[in-house]
Amino acid sequence: MYHRTRIRRTRIRLVATVAAAGICALGLTACDSGDTVTDKPKAKASASATAAEKPAAEKPAAEKSATPDVAKVGDTIALKGLEDGNKLDVTVVKIADPAKSSDEFTTPGSGKRFVGVQFKLVNTGTAAYSDSPANGAKITDVDGQQFESTFADITAGPSMSSAVRLKPGGKALGWIVFEVPKASKTDTIQFALNSGMANQTGEWKLS
C-alpha cells in the first residue's frame, strides 16, 4: 500500500512539473525574469497597527524594526507564481522534529527521521490556485543538504492535501513531511508555487 502511494505521489509530482514547464514555455517573459529567494517576512498586523499609532520621532529604537529581518517559524512570506494572478501568503506555522508516523506501516528509512512542517496557504491573487504544495517544499540542513517532501501522515495533525485548489481568498492548512538523516540539523525550509517551478522562493530559518 505504501509502495502504491509513493508511485501515485511520484506521478503527481511529474504531472505538476510538466504542467509548470508548459506554463513557462507559454509565458517566456515571466519565466525569464530571474529566480529569487526571499526571506523577508510580511509585517504582522498588530505590529503595523502599533507603528501607525505613533509618530516616527516617538518610536523607540526597538519598534523601528517591528518586522524581523529574516523569516522564522510563525512568519508569513508573500510569494508569486508563474502567472500574474498567482499569489499566496505562505506561513510556516509549526515544526515537528522529530515527527511520529500516525500508523505502524509508514516509517522512515534506517538512520533517518521524519520532520513535519505545518504550512498555511492563503490565496491573495486574482486567479484560482491549483497545485500539489508538497512538490514545492524543500528542507535544508546546516551542511547544505536539501531534502524533498515524502508521503507520510504524522500524529502532529492532518497532512496538506496533494491536490489543493483555492479560489481568491481561500485558505489551506496542513503538514508536509520530510525524511532526513537522524544526524542532520535542519536549518531552513523553502517553498515555491507551481510545484517549485516559480521564479520566487520563500525561505524560513528554523534555528
Side-chain angles (χ1 to χ4, degrees), residues 5-6 8-21 23-24 31 34-41 70-82 86-99 101 106 108-109 111-122 129-154 156-157 159-164 172-207:
T5 306
R6 289 293 293 271
R8 183 182 66 179
R9 181 63 174 276
T10 302
R11 288 175 177 170
I12 291 173
R13 189 185 299 276
L14 178 61
V15 170
T17 302
V18 171
I23 292 173
C24 202
C31 295
D35 293 336
T36 60
V37 177
T38 177
D39 59 4
K40 181 66 175 177
V70 177
K72 297 181 179 180
V73 177
D75 290 329
T76 301
I77 297 178
L79 295 174
K80 298 178 181 179
L82 293 173
N86 296 146
K87 295 181 181 180
L88 285 184
D89 272 359
V90 182
T91 307
V92 170
V93 183
K94 297 177 184 177
I95 302 292
D97 184 10
S101 174
T106 308
K112 297 183 178 181
R113 73 185 192 276
F114 283 150
V115 176
V117 181
Q118 188 183 44
F119 283 91
K120 180 180 180 181
L121 312 177
V122 180
Y129 168 78
S130 180
D131 200 3
S132 179
N135 291 343
K138 291 183 179 180
I139 199 166
T140 304
D141 67 12
V142 293
D143 294 321
Q145 298 180 102
Q146 286 194 326
F147 307 96
E148 295 185 344
S149 62
T150 188
F151 181 84
D153 292 323
I154 56 177
S159 296
M160 180 70 73
S161 172
S162 61
V164 173
L173 179 70
W175 289 85
I176 295 177
V177 180
F178 304 84
E179 190 175 33
V180 304
K182 288 183 178 180
S184 289
K185 179 176 174 57
T186 56
D187 185 46
T188 61
I189 181 77
Q190 292 186 338
F191 184 89
L193 279 68
N194 305 109
S195 287
M197 297 292 288
N199 300 110
Q200 189 180 36
T201 299
E203 182 175 278
W204 293 257
K205 189 76 172 175
L206 299 180
S207 58

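Keep in mind the model is a prediction, meaning the values are calculated, not measured.
Minimum heavy-atom separation, V70 to P41: C-CD, 4.1 Å. The shortest heavy-atom contact between L193 and K87 is CD2-N, 4.4 Å. Summarising the geometry of G202 relative to L79, their closest heavy-atom pair is N-CD2, 3.5 Å, with the distance given to 0.1 Å. E179 and G109 get closest at one heavy-atom pair: OE2-N, 2.5 Å. Residue A198 comes nearest to G81 through the heavy atom pair CB-CA, 4.1 Å, listed as atom of the first residue, atom of the second, then distance. Pairing each heavy atom of I189 with each of K138, the nearest pair is CD1-O, 3.2 Å.
Side-chain contact between N199 and L82 is present, with at least one heavy-atom pair separated by less than 4.5 Å. No side-chain heavy atom of V92 sits under 4.5 Å from any side-chain heavy atom of D75. Side-chain atoms of E203 and T38, non-hydrogen and from C-beta on, never get closer than 4.5 Å to each other. Considering only heavy atoms from C-beta on, T186 comes within 4.5 Å of D97 through its side chain. The shortest side-chain heavy-atom distance between L206 and I139 falls under the 4.5 Å cut-off. With a 4.5 Å cut-off on side-chain heavy atoms, F114 and T150 count as touching. Annotation: side chain of K205 is in contact with side chain of T188 (closest heavy-atom distance under 4.5 Å). The shortest side-chain heavy-atom distance between I95 and V117 falls under the 4.5 Å cut-off.
When each of T91, V93, V122 is paired with T76, the side chain to side chain contact (heavy atoms under 4.5 Å, CB included) condition holds for T91 and for no other.
Atom CZ of R113 sits about 6.5 Å away from atom OG of S184, to the nearest 0.5 Å. Separation of atoms CD1 (I77) and CZ (F191) is listed at 11.0 Å; rounding is to 0.5 Å. Here the CG atom belonging to D143 is positioned 11.5 Å from the NZ atom belonging to K185, to the nearest 0.5 angstrom. Atoms OG and CG, on S207 and D187 in that order, are 4.5 Å from each other to the nearest 0.5 Å. The distance from atom CD of Q190 to atom OG1 of T140, rounded to the nearest 0.5 Å, is 5.0 Å. The distance from the CG atom of L173 to the CE atom of M160 is 6.5 Å, given to the nearest 0.5 Å.
Side-chain atoms of S149 do not come within 3.5 Å of backbone N or O of A137 as any donor-acceptor pair. Proximity of a side-chain donor or acceptor of D39 to a complementary backbone N or O of A71 within less than 3.5 Å is not detected. A donor-acceptor contact shorter than 3.5 Å is absent between the side chain of T36 and the backbone of Q200.
For the ring pair (Phe, Tyr, Trp, His ring centres under 6.0 Å) test, no residue two or more places apart in sequence or in another chain qualifies with Y129. Every residue two or more places apart in sequence or in another chain was checked for a side chain to side chain donor-acceptor pair (under 3.5 Å) with K94, and none qualifies. Annotation: ring pair (Phe, Tyr, Trp, His ring centres under 6.0 Å) contacts of F178 (sequence neighbours excluded): none.
Counting only N and O atoms by type, the side chains of S159 and D153 include a donor and acceptor under 3.5 Å apart.
Under the 30°/60° scheme for interplanar angles, the aromatic rings of W204 and F119 are found to stand perpendicular.
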